[in-house]
Amino acid sequence: PGQVGRYPSMMHKLTTSAPRTPWRHRKKTRYTRTPAEKAVLKQNRVECNTGYREALENINQLIMDQATELRAKFGGHNIEYYYREILQYARRTKKKCSLSWWNAFMRQEMKLINDGIPEGKNRHKAAQHAAEISARWKGMTKEEREAATEDAMIELAEQRESKAWAPHNVPLNSFQDVNKTLQSIDNQLVELHARTGTEILLIAVRANVDHFNRPHVFQTARTVDFFDSSIGTSVGDIAICLEGFCISGVKEEAAAPFKVSRMYYQNFNRNIMQKYHLVLDNWPLSKFVAPGNINSLTELRVLYNAWDSNASRFRKLSDEEYEAW
């Protein structure tokens, strides 16, 4: 009680309502340069500006040379296009353009054009019809533009949302997306740590056995020391355990209310099902025995593949299922 009573008085020492006042006073000194010193400074500024402009021109020429190489390698556009692509790459990778009526109108018009192309023929690109579509766009009033793109804006927003959030259908696409995104995040975290000294830990693991990504760990030096000295294990080991948990099919609703101390194959219904309300779905073998009692390599492979693919798994019975059982 004594400590609780003293707590408010201790807090008074940490805060104050008094305004902040200067505590150091310095005399401002002003140095007057001579004409000769001013002339030297001016000459230095001129030389610096001249050298800076020459350096910019040289770098600009290097970028133009790179754009020329891209044009020769990939074609399809002029050198000016690749020049702008190089200059805008850093900004475009960090900032996305917002939805606009023009983008929705262009997408809508190109869809109409390509829908009329016979099957098997090459689809047209936006650059091939940009001039004529732009001419129609410029001839429309603001009200006409809004009316013409009302549905197209919704479709464009849904397309962007699907591209950003919808799960990948092909594991390779997911693998590439994860790699590029995590690399970008790592680069930003490195810069954040360098600027602020913030200690950071990031763990990313796959949640699907069909995906190809290995556990990804980003950590700064102090977090390494913390896990080694305080927990006695490395973050890499924790990441591996987390991956195993995520791809094993274990879910909150499938777990028992408390830890199952032992697995019973004999009298499973009484020792596991009745006690923990757990059922084992899709056991692939004819006999329900412990894997150590299986003598056939073929059956062991069948059992392993069933668990690995999540075809066989433990599941918690609902109250209705348990009552019916």
Checking Glu109 against Arg136 for the salt bridge (Lys or Arg N to Asp or Glu O under 4.0 Å) test, could you report, in this order, the C-alpha distance in whole Å, the side-chain angles of both residues, the deciding distance, and whether it holds? CA-CA 10 Å; Glu109 295 299 307; Arg136 291 202 302 271; 2.8 Å; yes

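Checked for salt-bridge contact, Glu155 and Lys111 miss the test: no charged N lies under 4.0 Å from a carboxylate O.
Around the CG atom of Asn122, the shell of radius 6.0 Å holds no more than 12 heavy atoms that belong to other residues, nucleotides or ligands. For Phe288, the CZ atom is densely surrounded, since the number of other residues' heavy atoms within 6.0 Å is greater than 12. The environment of Glu150 atom CD is sparse: at most 12 non-hydrogen atoms of other residues, nucleotides or ligands sit within 6.0 angstrom.
A continuous path of Ile, Leu, Val, Met, Phe, Trp and Tyr side chains, each step under 4.5 Å between heavy atoms, connects Val205 with Phe227, placing both in one hydrophobic cluster.
Residues Asp65 and Thr68 have side chains that never bring a donor and an acceptor to within less than 3.5 angstrom of each other. Side-chain contact annotation: Ser100 with Asn103, donor-acceptor N/O pair under 3.5 Å present. A donor-acceptor contact under 3.5 angstrom links the side chains of Asp186 and His216, judged on distance only.
Taking the side chain as every heavy atom from C-beta outward, Phe218 and Val190 approach each other to under 4.5 Å.
Tyr52 places no side-chain N or O within donor-acceptor distance of the main-chain N or O of Glu47, the cut-off being under 3.5 Å.
The aromatic rings of His77 and Tyr81 sit parallel, their planes meeting at an angle under 30°, below the 60° perpendicular limit.
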